[in-house]
**Q** 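I have a structure I would like to understand better, so I am pasting it below and will then ask my questions one at a time.
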Amino acid sequence: MLSFKCKNCGGEMSVDSSGSLVCEYCGSNSFFADSELTGYMEFRKQMLNYLKGVHDTKADAKKDEGSLWSHAEEAYFDTADGERITVRYLYFYEDEAGSVYLTRKNAIFVYSGDKKTYADKVLWSIKALSFPPADVKGLTDCFPKLNGRYELADGGVMLAFTRSENLFPLAMFGSLEPEHVAWIISRLENICCVLTYSELVHGGISENSVWINPFNHHAVLMGHWQSAMRTGISEMKENELADLSDIRKTADRCLGNHRDEAPSEMMEFLKGKPSQDAYSDFEKWDHVIDNGFGGRRFAKFDINF
């Protein structure tokens, strides 16, 4: 597992869709050294090889999985009742609330003692979600499901959420072709409709908070729930529009060097202002699917290096 520290502020840097390093704390940009770039590309190749092996009968998925997890690192946490938890993780990032680890079966969120109230806010926000009586689209699966909460010896809190097979943070995939970004937008528009139905605003949709399975076109709004808030219908318009704007910003960054391949209708949607609410915004996006992509169809995730 690779991690990169910002030379300006010491914060954890993430890799954006263009392959450069960006600090989420101070906004500094940096570039890989030759050795770092080689390591990053090898890690990404192993991840994509594994994903390819899952759905390619000619590939050895188990072998590729082993190669993928050979990049894993370990972190250790002592609980308040004297137990030690070992977290073996493949991907790691930090935000203003805490640290996030991708493990084989969980998404682990760790909050230090002075920020443990964020853990309570995360759980409150997720519990506040509500769904239409006939959830025919299975929208409950688009949100985190708690596996466990652990009080840590240093006063902090660890939350473990279920991670299904082949679900990875969007940030791990780099630039994606328009047809793949399109289904991600569709899922995020669905998610925002649930938020509106629940009278909630998320406030942190990004490549790290959105986790995807590229093979079944599933997405989970896994992270950054500490920023969510409940507002009345009359008050939430401005904040709701912020979520819809974040969808556009996230999708545009995911397109990266594939922007020139995107239909004009898609780019107009991403550059334009959101509709007045999530429901009408989803309707607008449906027009993009019909006119820009020729209707809905399943886009197989092809592996390209």
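Because only heavy atoms are used, hydrogens play no part in the values below, and waters and symmetry mates are left out as well, while side chains stay in.
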**Q** Distance-only, no hydrogens or angles: does the Ser198 side chain make a donor-acceptor pair with backbone N or O of Ser130 under 3.5 Å?
**A** yes
**Q** Flag the pair Leu188 / Ile185 as yes when at least one side-chain heavy-atom distance between them is below 4.5 Å, and no otherwise.
**A** no
**Q** Are the side chains of Glu165 and Lys105 in contact, using a 4.5 Å heavy-atom criterion?
**A** no
**Q** Please report the interatomic distance CD1(Ile85) to CG(Leu152), rounded to the nearest 0.5 Å.
**A** 6.5 Å
**Q** Quick one: pull up CG in Leu159 and OH in Tyr118 and give me the separation to the nearest 0.5 Å.
**A** 14.0 Å
**Q** Using a 3.5 Å distance criterion without hydrogens, assess whether the side chain of Thr79 forms a donor-acceptor pair with backbone atoms of Glu151.
**A** no
**Q** Answer yes or no: is there a donor N or O on one side and an acceptor on the other, between the side chain of Lys121 and the main chain of Met229, under 3.5 Å?
**A** no
**Q** Test side-chain contact (heavy atoms from CB on, under 4.5 Å) on Phe173 and Ile212; report intermediate values, then the result.
**A** CA-CA 10 Å; Phe173 290 86; Ile212 66 166; 3.6 Å; yes
**Q** Run the numbers on Arg149 and Asp120 for salt bridge (Lys or Arg N to Asp or Glu O under 4.0 Å), then give the verdict.
**A** CA-CA 10 Å; Arg149 171 179 175 143; Asp120 296 325; 2.7 Å; yes
**Q** Strictly distance-based, threshold 3.5 Å: is any side-chain N or O of Arg259 a donor or acceptor partner for the main-chain N or O of Gly256?
**A** yes
**Q** How long is the span from the SG atom in Cys193 to the CZ atom in Phe131, to the nearest 0.5 Å?
**A** 12.5 Å
**Q** Please name the residue in the list Trp211, Trp225, Phe143, Phe109 that meets the ring-ring contact (aromatic ring centres under 6.0 Å, His included) test with Phe161.
**A** Phe109
**Q** Find out whether the Lys NZ or Arg CZ of Arg84 is both under 6.0 angstrom from the six-membered ring centre of Phe77 and within 45° of the ring's axis.
**A** no
**Q** Would you confirm whether His202, through its side chain, and Gly223, through its main-chain N or O, come within 3.5 Å as a donor-acceptor pair?
**A** yes
**Q** For Tyr197 and Leu129, what are the C-alpha separation, side-chain angles and deciding distance, and is it a side-chain contact (heavy atoms from CB on, under 4.5 Å)?
**A** CA-CA 8 Å; Tyr197 186 84; Leu129 289 165; over 6 Å; no
**Q** Quick check: does any side chain N or O of Asn106 sit under 3.5 Å from a backbone N or O of Ala160, one acting as donor and the other as acceptor?
**A** no
**Q** Hey, are the side chains of Trp285 and Ser186 touching, using non-hydrogen atoms and a 4.5 Å cut-off?
**A** yes
**Q** Can a side-chain donor-acceptor contact be found between Asn166 and Asn213 if the only test is distance below 3.5 angstrom?
**A** no
**Q** Does the pair Asp281 and Lys273 meet the rule for a salt bridge (Lys or Arg N to Asp or Glu O under 4.0 Å), with working shown?
**A** CA-CA 10 Å; Asp281 204 58; Lys273 292 182 178 180; over 6 Å; no
**Q** Can a donor-acceptor pair be found between the side chains of Ser206 and Asn208 at a distance below 3.5 Å?
**A** no
**Q** Do Met267 and Asp252 have side-chain heavy atoms sitting under 4.5 Å apart?
**A** yes
**Q** Walk me through it: do Gln226 and Asp95 pass the test side-chain contact (heavy atoms from CB on, under 4.5 Å)?
**A** CA-CA 11 Å; Gln226 71 276 359; Asp95 61 20; 3.6 Å; yes
**Q** Say you draw a straight line from CG of Leu167 to CZ of Phe215; how long is it, rounded to the nearest 0.5 Å?
**A** 12.5 Å
**Q** Could you check whether Arg163 makes a cation-pi contact with Phe168, meaning its NZ or CZ is under 6.0 Å from the centre of the six-membered ring and within 45° of the ring axis?
**A** yes
**Q** Any side-chain heavy atom of Val201 within less than 4.5 Å of one from Leu195?
**A** no
**Q** If you define the side chain from C-beta out and look only at heavy atoms, does anything of Glu207 sit under 4.5 Å from Cys254?
**A** yes
**Q** Hey, what's the ring geometry for Phe92 with Tyr101, parallel, tilted or perpendicular (30° and 60° as the breaks)?
**A** tilted
**Q** What is the distance from atom CE of Met266 to atom CZ of Arg248, rounded to the nearest 0.5 Å?
**A** 11.5 Å
**Q** Using a 3.5 Å distance criterion without hydrogens, assess whether the side chain of Arg187 forms a donor-acceptor pair with backbone atoms of His218.
**A** no
**Q** Find the distance between OG (Ser125) and NE2 (His224) and round it off to the nearest 0.5 Å.
**A** 11.5 Å
**Q** For Asp260, does the CG atom have more than 12 heavy-atom neighbours from other residues, nucleotides or ligands under 6.0 Å away?
**A** no
**Q** Take Leu270 and Leu255 through the test side-chain contact (heavy atoms from CB on, under 4.5 Å) and record every step on the way to the result.
**A** CA-CA 11 Å; Leu270 296 183; Leu255 280 173; 3.7 Å; yes
**Q** Is a donor from one side chain sitting under 3.5 angstrom from an acceptor on the other, for Glu179 and His258?
**A** no
**Q** Taking atom types as modelled, is there a side-chain donor on Asp277 or Ser280 under 3.5 Å from an acceptor on the other?
**A** yes
**Q** So that I can tick it off, tell me whether Glu73 and Arg88 are bridged by a salt bridge, with the cut-off set at under 4.0 angstrom between side-chain N and carboxylate O.
**A** no
**Q** For a 4.5 angstrom cut-off between non-hydrogen side-chain atoms, does Cys192 reach Ile205?
**A** yes
**Q** Is there side-chain contact between Met158 and Val87, with at least one heavy-atom pair below 4.5 Å?
**A** yes
